[in-house]
Student: 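Dumping the structure here so I can ask a few things about it.
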Amino acid sequence: MNKHKKATGFGGINRGASGIKPQAKPVTNKIKLPSGQEISLRLHTYKGREEIQKHVRVDPLNIRRPEELTREKLADIYDGIANGNQITNAIGYQGEDGLVYVVDGSRRMTCADIADSPFRIDVSDTKIEPKDAEFIVLQSDKRKAFSYLDWGHHFAGKLNELKEENPDLTQKQFAEDEGVDPALMSRYLNAITLDPVFWSVMGNNEISGRLMNRMVTLNNSLADSPVEAQQLHDKYLENIGSTSPDELTATERFDLLNRCFNQLNTKKRTISKKVEPETLWNGSTAKQKVEWKQKNSKSAVINLAGLDEALQAKIKQAVVEALA
């Protein structure tokens, strides 16, 4: 008998070059997931940055966006994990490529990576199916709530994929299929359309449904106004002065941003002069002409007057070709 037979880890697979090391701990837990699948989890500890970066990845189905995985935004758990005090194990599975994919625990993993500290994760040797992975992620949401942006990007990606197969799928139908209130789904999807200035001022969490609706309304007003987003942000910083944003509630930050917009928009309307349309072309009669009217710095209108369908089609084609 060969006493020096190479260890294979669990599953009878050679783990020499994989995310799971041969000395993975025995089964520590069994979980029955909503699909009926029962998975066996084995605890594994990665010693620090080098092992984490070599063997571990965040699962694509994890809702947490990379922008949320920064040192600043991990401040609530960073010190504990940096000191080796990871209270709750992450959960993941081993992929076909041998790497470990984190389903729940991307924040803990990133803290350990940044701090070069140990990272503990319970790993299933069976891939966790999408619906089950989503269930696990939703449990994670009870610990650190996902933002409107997180959910917006998550659901927008799913909706776009489904609409490729079913172009007639409506947002309302999609929301119902996902078990999400249609009004809430609308707020999620609207979140990713907001100008970045809103998230810069508001942050991503502590935003109520009512406040989210107000943000969408202000975003629409900003888009239709001559006020630039950077101007609005600068005005906000000017008005907040030495006050730390953390001293204000989300509603107070929004109210200040809204006042700044109204100040700028009123000023813009007061100093703006009526801009006459620019004539680009005159036809053989006084009624035939093409005009360009600049509404504001963000939008303009081309007016085609007295032109027959052939000329209109020619101009339309020229615009399409110019933008191709």
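Side-chain atoms are counted along with the backbone in the values below, which use heavy atoms only and exclude waters and symmetry mates.
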Student: Does a side chain donor of either Gln288 or Asn282 reach within less than 3.5 Å of an acceptor in the other side chain?
Tutor: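 Per modelled atom types, Gln288 and Asn282 side chains form no pair under 3.5 Å.
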Student: Is it true that a side-chain atom of Arg253 and a backbone atom of Met202 form a donor plus acceptor pair closer than 3.5 Å?
Tutor: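 Between the backbone of Met202 and the side chain of Arg253 there is a qualifying donor-acceptor contact (under 3.5 Å).
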Student: Run the side-chain donor-acceptor check on residues 180-192: report pairs under 3.5 Å with partners two or more places apart or on a different chain.
Tutor:
residue, atom, partner, partner atom, Å
Asp181, OD2, Ala183, N, 3.0
Asp181, OD2, Leu184, N, 3.3
Ser186, OG, Asn190, ND2, 3.4
Asn190, ND2, Ser186, O, 3.2

Student: Would you find a donor on one side and an acceptor on the other, under 3.5 Å apart, between the side chain of Glu51 and the backbone of Lys47?
Tutor: yes
Student: More than 12 foreign heavy atoms under 6.0 Å from NZ of Lys163: is that the case here?
Tutor: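 Yes, enclosed.
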Student: Could I get the full list of ring-ring contact (aromatic ring centres under 6.0 Å, His included) partners for Phe198, not counting sequence neighbours?
Tutor: none
Student: Please identify each residue that fulfils side chain to side chain donor-acceptor pair (under 3.5 Å) with His153, with sequence neighbours left out.
Tutor: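 Side chain to side chain donor-acceptor pair (under 3.5 Å) list for His153, sorted by chain: empty.
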Student: For residues 212-219, dump all side-chain donor-acceptor pairs below 3.5 Å to protein atoms at least two apart in sequence or in another chain.
Tutor:
residue, atom, partner, partner atom, Å
Asn213, ND2, Gly209, O, 3.4
Arg214, NH1, Asp255, OD1, 3.3
Arg214, NH2, Asp255, OD1, 3.0
Thr217, OG1, Asn213, O, 3.1
Asn219, OD1, Asp195, N, 3.0

Student: Between Gln230 and Asp234, is the side-chain hydrogen bond (donor to acceptor under 3.5 Å, both in side chains) condition met? List the steps.
Tutor: CA-CA 6 Å; Gln230 187 60 52; Asp234 291 345; 2.9 Å; yes
Student: Are Tyr46 and Pro118 close enough that some pair of their side-chain heavy atoms sits under 4.5 Å apart?
Tutor: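 The answer is no; the side chains never approach within 4.5 Å.
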Student: Running the 4.5 Å side-chain criterion over Ile, Leu, Val, Met, Phe, Trp and Tyr, what cluster does Ile77 land in, apart from itself?
Tutor: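 Its cluster partners, ordered by chain and number, are Ile81.
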Student: Can we say Lys289 and Glu291 salt-bridge, meaning some charged N sits less than 4.0 Å from an Asp/Glu carboxylate O?
Tutor: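 A salt bridge links Lys289 with Glu291.
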Student: Can you name the ring-ring contact (aromatic ring centres under 6.0 Å, His included) partners of Phe119, sequence neighbours left out?
Tutor: none
Student: Please determine whether residues Leu69 and Ile121 belong to a single hydrophobic cluster, defined as Ile, Leu, Val, Met, Phe, Trp and Tyr linked transitively by side-chain heavy-atom distances below 4.5 Å.
Tutor: no
Student: Sequence neighbours left out, what passes salt bridge (Lys or Arg N to Asp or Glu O under 4.0 Å) with Glu50? Give chain and number order.
Tutor: none
Student: Taking side chain to side chain contact (heavy atoms under 4.5 Å, CB included) as the test, write out the residues that go with Glu321, two or more places apart.
Tutor: Gln317
Student: Output all residues satisfying side chain to side chain contact (heavy atoms under 4.5 Å, CB included) with Asp224, sequence neighbours left out; order by chain, then residue number.
Tutor: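 With sequence neighbours excluded, Asp224 shows a side chain to side chain contact (heavy atoms under 4.5 Å, CB included) to no residue whatsoever.
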Student: Quick one: ring-ring contact (aromatic ring centres under 6.0 Å, His included) partners of His154, sequence neighbours excluded?
Tutor: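 If we apply the ring-ring contact (aromatic ring centres under 6.0 Å, His included) test to His154, skipping adjacent residues, the hits are Trp151.
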Student: Please list, one pair per line, the donor and acceptor atoms closer than 3.5 Å that link side chains of residues 306-314 to other protein atoms, with sequence neighbours excluded.
Tutor:
residue, atom, partner, partner atom, Å
Asp308, OD1, Ala310, N, 3.2
Asp308, OD1, Leu311, N, 2.8
Gln312, NE2, Leu307, O, 2.9

Student: Would you say that Asn265 contacts Pro226 through its side chain, given a criterion of any heavy-atom pair below 4.5 Å between the two side chains?
Tutor: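 A side-chain contact exists here, since the closest heavy-atom pair is under 4.5 Å.
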Student: Main chain of Ile91, side chain of Asp122: is a donor-acceptor contact present, judged purely on distance under 3.5 Å?
Tutor: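 Flag not set: sc Asp122 to bb Ile91 has no pair under 3.5 Å.
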Student: Who passes side chain to side chain contact (heavy atoms under 4.5 Å, CB included) against Gln37, sequence neighbours left out?
Tutor: Leu33, Ser35, Ile39, Thr126, Glu129, Asp132
Student: Taking atom NZ as the centre, does Lys158 end up with more than 12 heavy-atom neighbours from other residues, nucleotides or ligands that are less than 6.0 angstrom away?
Tutor: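 Yes, enclosed.
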